[in-house]
There are 2 protein chains.
Amino acid sequence: MKLDDIDRRILRALQRDGRMANNELAAEVGLSPSPCLRRVKLLEEAGVIDRYVAVLNPASIGKGLTFFTRIWLKTQDEDTIGHFATEVAKLPQVMECYLMLGDCDAMVRVVAASIDDYRRFQSEHLSRIRGVQNVKTDVPSQTIKHTSELPI
Amino acid sequence: MKLDDIDRRILRALQRDGRMANNELAAEVGLSPSPCLRRVKLLEEAGVIDRYVAVLNPASIGKGLTFFTRIWLKTQDEDTIGHFATEVAKLPQVMECYLMLGDCDAMVRVVAASIDDYRRFQSEHLSRIRGVQNVKTDVPSQTIKHTSELPI
DNA sequence: ATTGCCCCGCAATTTGATTGCGAAGATTGT
DNA sequence: ACAATCTTCGCAATCAAATTGCGGGGCAAT
């Protein structure tokens, strides 16, 4: 889908505030409400806007800690990787999971309430996925930035 | 803030669809619209709901590739780290940045249109931040999961 | 220059958000 | 156990926002 300057302004605004009123959005991007809303709907239908979400404060629901875990699989055949992928995707504590080329086979970002909470998760869920040979966990000492706003 | 079961259901629903109509939300969590909306407002004021955002499809705006970069700083003094943190946070291509203990000093997730786009970013922005000694980039071959839905 | 197309803005309608109020249930202290 | 109090609910009225249809203007191609 081709995006013009107004579309980009709409996307920027909705990435900042996904619940912004259409009137306000229209004023910000320099349109009247109806064509503005029409563009938003088009962007949704085209899949440029994937969805709208509420962003929670992890600490306030007892998920304040982040862990990065690198994972090595026993083998790198499609079956092992595929099974790992489907299983790890089911774990709600896993916020991100990437298959990697090179050193490790996969990397996941996990949220947990505490180190013990994480340890339990690792031993009871992550390590039990068939094919997982080894895991190594890194703990960030501080989060500098964590956004969903793509540059546009 | 203490959360009861209805609050958690509200949070789960709004993480799935942050623009859900209040009537629909109320029906889903088993309340009438007014107390439901009141709870949502309280959750917002308490900071449990941080904000609402539109989630874009990165590929559709030409930011389809993800890169992980580990960063080593020349020194680990507060000044060097602090300067790095403020500068890296300004870069819109940087979606996540964590300070790490152990091997590397920081890790960032960067989005870019292409490998060349990323290379340019690395040499023109990342490596030029004062104190940055070395960087190593890993490219995920596949994204298995990438969500903002915290388990609650 | 004229035709056709696209996208705008206006205005009317519908839908949803918001607020005040009385009632029901839970909690605390006597 | 009972009464006072606090909390949170649901209803209903009001208000604001979303949505849709329609006419008009600008731009491109013929």
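Computed from a prediction, not measured in an experiment: that's the story for all the values here. A, B, ... follow the sequence lines: proteins, then strands. Residue 1 opens every chain.
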Inset, instruction - Return the minimal non-hydrogen interatomic distance between Val111(B) and Lys63(B), and the atom names on each side. - result: CB-O, 4.1 Å

Legend entry - SB check Glu124(B) Arg119(B) (cutoff 4.0 Å): no

Distance check needed: [N] [atom2] versus [X] [atom1], whole Å only.
X: Leu37(A); N: dT13(C); atom1: CG; atom2: C1'; value: 15 Å
X: Leu31(A); N: dG9(C); atom1: CG; atom2: C1'; value: 10 Å
X: Leu25(A); N: dG9(C); atom1: CG; atom2: C1'; value: 16 Å
X: Arg19(B); N: dT15(C); atom1: CZ; atom2: C1'; value: 15 Å
X: Tyr52(B); N: dA17(C); atom1: OH; atom2: C1'; value: 13 Å
X: Asp17(B); N: dG16(C); atom1: CG; atom2: C1'; value: 15 Å
X: Lys41(B); N: dG20(C); atom1: NZ; atom2: C1'; value: 17 Å

Legend entry - Hydrophobic cluster identity match, Val55(B) and Met95(A), side-chain contacts under 4.5 Å: no

Inset, instruction - Answer with yes or no whether the hydrophobic clustering places Val132(A) together with Val108(A); edges join I, L, V, M, F, W, Y residues whose side-chain heavy atoms lie under 4.5 Å apart. - result: yes

Legend entry - Closest to side chain of Asn22(B), choosing from dT18(C), dC8(C), dT19(C): dT18(C)

Inset, instruction - Identify, between Arg38(A) and Glu24(A), the residue whose nearest nucleotide on DNA chain D lies closer to the 5' end. - result: Glu24(A)

Legend entry - Outermost nucleotides of DNA chain D that come under 4.0 Å of a non-hydrogen atom of chain A: dA18(D) to dC22(D)

Inset, instruction - Taking the side chain as every heavy atom from C-beta outward, state whether Met1(A) and Leu43(A) have any atom pair closer than 4.5 Å. - result: yes

Legend entry - pair Arg16(A)-Arg51(B): side-chain heavy atoms closer than 4.5 Å: no

Inset, instruction - Please state whether the base of dC10(C) and the side chain of Ser34(A) form at least one donor-acceptor pair under 3.5 Å? - result: yes

Inset, instruction - Ignoring backbone atoms, establish whether Arg39(A) has a side-chain N or O less than 4.0 Å from OP1 or OP2 of dC8(C). - result: yes

Legend entry - Parallel, tilted or perpendicular: ring planes of Tyr118(B) versus Phe67(B), cut at 30 and 60 degrees: parallel

